[in-house]
S.K.: 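The following block contains the structure, expressed as structure tokens.
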Amino acid sequence: SIEDNLRLILREELAPIYQLIKRIPEEDRLISVEQAAKVLTVSEEWIYKHADDLPFVVKPKPNMVRVSHNKLQAYIAKKLREQERGNGSR
């Protein structure tokens with residue numbers, strides 16, 4: 001039928017766009033050190049102490065520390081994958 005043909009054409013034409021949309025990361029937001037500490041089950045002091053070495057820490061202004069939510073989630077996912085492979089280190 002014409003409707004089925006139109007659906008097929010639309011599906012084929014929109015498939016590449018859908019694949020691109022799936023790759024767009026969720027909009028990031030900055031969370032507080034307190035919130036990040038709770039997620040990581042560490043102290044706020046630990047995050048401040050290691051801020052320069054943590055890939056998810058953002059310093060929007062001097063003496064202001066925030067955490068990228070997306071980068072924190074990526075960090076956690078990476079650490080979990082490392083643990084699953086048996087070479088996770090703290």
Side-chain angles (χ1 to χ4, degrees):
S1 78
I2 293 175
E3 288 179 1
D4 290 337
N5 286 338
L6 284 174
R7 280 192 190 98
L8 180 61
I9 291 168
L10 283 172
R11 202 172 293 129
E12 290 174 358
E13 293 296 318
L14 294 176
I17 296 169
Y18 177 70
Q19 292 302 318
L20 285 173
I21 290 171
K22 282 184 6 181
R23 287 189 219 140
I24 296 172
E26 179 183 323
E27 186 174 321
D28 200 3
R29 67 183 191 280
L30 297 180
I31 62 173
S32 68
V33 171
E34 178 184 8
Q35 291 169 310
K38 287 178 183 177
V39 170
L40 293 169
T41 62
V42 298
S43 69
E44 293 175 45
E45 291 77 20
W46 185 90
I47 293 177
Y48 285 114
K49 182 178 177 183
H50 296 91
D52 290 335
D53 301 318
L54 297 171
F56 48 80
V57 168
V58 178
K59 295 180 179 178
K61 294 193 247 179
N63 299 320
M64 178 185 272
V65 177
R66 295 292 182 266
V67 172
S68 160
H69 179 264
N70 288 359
K71 289 182 181 179
L72 177 61
Q73 294 304 314
Y75 174 84
I76 292 168
K78 179 183 175 198
K79 291 297 182 182
L80 289 173
R81 283 191 305 273
E82 288 174 357
Q83 282 184 346
E84 288 171 3
R85 286 192 300 249
N87 63 358
S89 59
R90 288 187 174 224

S.K.: As an exercise, state the distance from CZ of R85 to CG of L80, rounded to the nearest 0.5 Å.
M.R.: 11.0 Å
S.K.: Got a salt bridge between K79 and E82, using NZ or NE/NH1/NH2 to carboxylate O under 4.0 Å?
M.R.: yes
S.K.: Give the minimum heavy-atom separation between E27 and N70, together with the two atoms involved.
M.R.: C-ND2, 4.0 Å
S.K.: Tell me who clusters with I2, hydrophobic residues only, linked when side chains sit under 4.5 Å apart either directly or through other members.
M.R.: L6
S.K.: Can you name the nearest heavy-atom pair linking L30 to P60, along with the distance?
M.R.: CD1-CG, 4.3 Å
S.K.: Is it the case that one hydrophobic cluster holds both V57 and V42, taking links as side-chain heavy atoms less than 4.5 Å apart, direct or via other members?
M.R.: yes
S.K.: As an exercise, state the distance from CZ of R29 to CZ of R66, rounded to the nearest 0.5 Å.
M.R.: 14.0 Å
S.K.: Pair D52, K59 - check side chain to side chain contact (heavy atoms under 4.5 Å, CB included), show working.
M.R.: CA-CA 10 Å; D52 290 335; K59 295 180 179 178; 2.8 Å; yes
S.K.: Tell me which one of L72, I76, I31 satisfies side chain to side chain contact (heavy atoms under 4.5 Å, CB included) with F56.
M.R.: L72
S.K.: Provide the closest heavy-atom pair for A37 versus I47 in the form atom of the first, atom of the second, distance.
M.R.: N-CD1, 3.5 Å
S.K.: With rounding to the nearest 0.5 angstrom, report the CD to OG distance, E44 to S32.
M.R.: 7.0 Å
S.K.: Could you give the distance from NZ (K71) to CG (D28), rounded to the nearest 0.5 Å?
M.R.: 7.5 Å
S.K.: Run the salt-bridge test on E34 and K38 with the 4.0 Å N-O cut-off and return the result as yes or no.
M.R.: yes
S.K.: Distance check, rounded to the nearest 0.5 Å: R7 atom CZ versus I9 atom CD1?
M.R.: 12.0 Å
S.K.: Under a 4.5 Å cut-off applied to non-hydrogen side-chain atoms, are V67 and Y75 in contact?
M.R.: no
S.K.: Hey, what do you get for CD (Q73) to NZ (K78), rounding to the nearest 0.5 Å?
M.R.: 15.5 Å
